[in-house]
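Step one of this worksheet: look at the structure below.
In the text below, chain A, chain B and the rest are named by the order of the sequence lines, each starting its count at 1.
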2 protein chains.
Amino acid sequence: MPDTRDRILAAARVLFATKGFGSTSVADILHSADVNAGSLYHFFPGKQDVLLAVLDAYHAGIGPMLLDPAWTGVDDPIDRVFALLARYRGALVATDCSYGCPIGSLALEIHEPDPPVRERLAANFDAWVAAVERCFVDAGDRLPADVDRRALAVFALTTMEGGVMLARTHRSAAPFDDAVRMLRDHVARLEAAV
Amino acid sequence: MPDTRDRILAAARVLFATKGFGSTSVADILHSADVNAGSLYHFFPGKQDVLLAVLDAYHAGIGPMLLDPAWTGVDDPIDRVFALLARYRGALVATDCSYGCPIGSLALEIHEPDPPVRERLAANFDAWVAAVERCFVDAGDRLPADVDRRALAVFALTTMEGGVMLARTHRSAAPFDDAVRMLRDHVARLEAAV
DNA sequence: GTCTATAGCTAGATAGAC
DNA sequence: GTCTATCTAGCTATAGAC
């Protein structure tokens with residue numbers, strides 16, 4: 001039996017990703033984690049603190065939980081960018097295009113987040129961008145020297161997040177694929193321009 | 001004094017855009033519109049039906065409320081695309097990067113929307129994409145013939161929505177500007193490739 | 001650390017006079 | 001069409017025994 005605190009976090013992570021933060025009640029978490037209210041409030045001051053811990057877990061796990069699985073067997077730095085995007089596509093189609101990026105969903109759901117929440121959302125985005133920026137940096141002179149690697153990584157993130165948003169709304173991976181195909185074309189043209 | 005129903009819709013539109021749907025209570029709408037509960041429930045069966053009417057209003061108003069103001073004095077079809085994106089940037093900076101695209105926010109906030117809600121969100125995205133696709137179609141042979149105009153319009157939408165998401169989270173227009181600059185560069189390379 | 005029971009509040013929605 | 005008062009359900013969080 002895993003640690004109680006971990007069970008709470010695991011349950012909350014799934015529920016926040018599938019139902020959102022506001023639509024997930026503490027009772028939902030308790031039921032899903034098979035835990036009593038007293039235990040949850042023993043470990044966390046309140047519901048928002050559970051969210052903070054979930055966001056910290058995402059941030060800490062971006063390597064082992066997201067990047068490493070996406071990049072096993074993929075060495076080419078530019079292929080890695082699109083392997084990462086393909087990972088999000090896999091999550092989409094595996095859930096009938098209803099599950100996307102949990103960070104993005106929370107970022108738009110919580111309109112006026114308390115500073116600690118917003119900071120953690122931003123930190124997650126920053127870590128994603130830094131990882132992809134690293135790919136583009138590693139691509140070296142395959143990309144024109146004057147191309148801003150970090151801005152290109154931000155562009156990859158907006159493509160993914162916007163693609164997930166449209167795919168979920170249309171319940172179809174087609175808009176996600178359209179956007180990623182355009183990004184792939186852009187990167188190919190950058191490579192051809194060297 | 002405007003029509004009561006219109007006052008309700010105007011108040012709900014602002015509240016849903018600034019606070020979100022879930023965080024806006026019926027009491028908030030009543031107070032903001034200076035209307036009593038009996039009046040709201042006379043015109044609408046419930047809160048969700050107010051949302052449906054708001055989404056219909058966005059859809060009906062995409063020309064007069066969004067495209068027309070963005071495109072006055074802008075005749076070049078490709079400039080029109082970026083004038084539209086600049087309009088969203090203006091909304092961002094005017095609100096300290098806390099207000100973005102109301103449709104996108106609702107699309108990610110409401111995780112399992114009832115079919116009528118999801119259909120209207122999709123219809124709003126479709127209308128946006130169709131308008132931008134028209135711009136790229138009007139660009140004619142300034143773009144390579146084999147470029148999918150509709151996919152390019154979807155790409156513009158994902159850039160905008162993703163950019164708004166990051167700008168709001170970072171409370172900075174910089175990521176929005178990064179993404180739009182990359183899109184602009186992509187379109188410029190397409191034009192140069194003809 | 002875990003359990004049950006419940007406080008205290010706010011939500012969406014309704015009733016019925018006018 | 002508009003008003004006030006109110007119902008019922010669900011929420012977060014707490015109390016206090018074990």
Please determine whether a side-chain nitrogen or oxygen atom of [X] lies at a distance below 4.0 Å from atom OP1 or OP2 of [N].
| X | N | answer |
| --- | --- | --- |
| Y41(A) | dA13(D) | yes |
| T4(B) | dG1(D) | no |
| S39(A) | dT2(C) | yes |

Is it true that D96(B) and R171(B) have a side-chain N and a carboxylate O under 4.0 angstrom from each other? no
If the threshold is 4.0 Å, N to carboxylate O, is there a salt bridge linking R7(B) and D3(B)? no
Measure from the side-chain N and O atoms of R118(B) to the backbone N and O of T169(A), and report whether any donor-acceptor pair falls under 3.5 Å. yes
Gap between atoms [atom1] and [atom2], on [X] and [N] respectively (whole Å):
| X | N | atom1 | atom2 | answer |
| --- | --- | --- | --- | --- |
| L15(B) | dA11(C) | CG | P | 13 Å |
| D3(A) | dT2(C) | CG | P | 8 Å |
| F44(B) | dG1(D) | CZ | C1' | 14 Å |
| I8(A) | dG1(C) | CD1 | C1' | 11 Å |
| L40(B) | dA11(C) | CG | C1' | 14 Å |
| D49(A) | dT14(D) | CG | C1' | 15 Å |
| L30(B) | dT14(C) | CG | P | 14 Å |

Can you name the residues that form a side chain to side chain contact (heavy atoms under 4.5 Å, CB included) with H170(A), not counting sequence neighbours? L166(A), S172(A), P175(A), A122(B), F125(B), D126(B)
Just compare dC3(C), dT2(C), dC3(D) and give me whichever is closest to any side-chain atom of N36(B). dC3(D)
Counting heavy atoms from C-beta on, name the nucleotide in dA5(C), dC3(C), dT4(D) closest to the side chain of A37(B). dT4(D)
By nearest heavy atom, map Q48(A) and G38(B) onto DNA chain D; which one lands nearer the 5' end? G38(B)
So for atom CZ, which belongs to R134(B), do other residues, nucleotides or ligands contribute more than 12 heavy atoms lying within a distance under 6.0 Å? no
R184(A) to F82(A), cation-pi by 6.0 Å centre distance and 45° axis angle: yes
Distances for protein N or O near nucleotides 6-11 of chain D N or O, under 3.5 Å:
none

For the ring pair F136(B) and F155(B), is the centre-to-centre distance below 6.0 Å? no
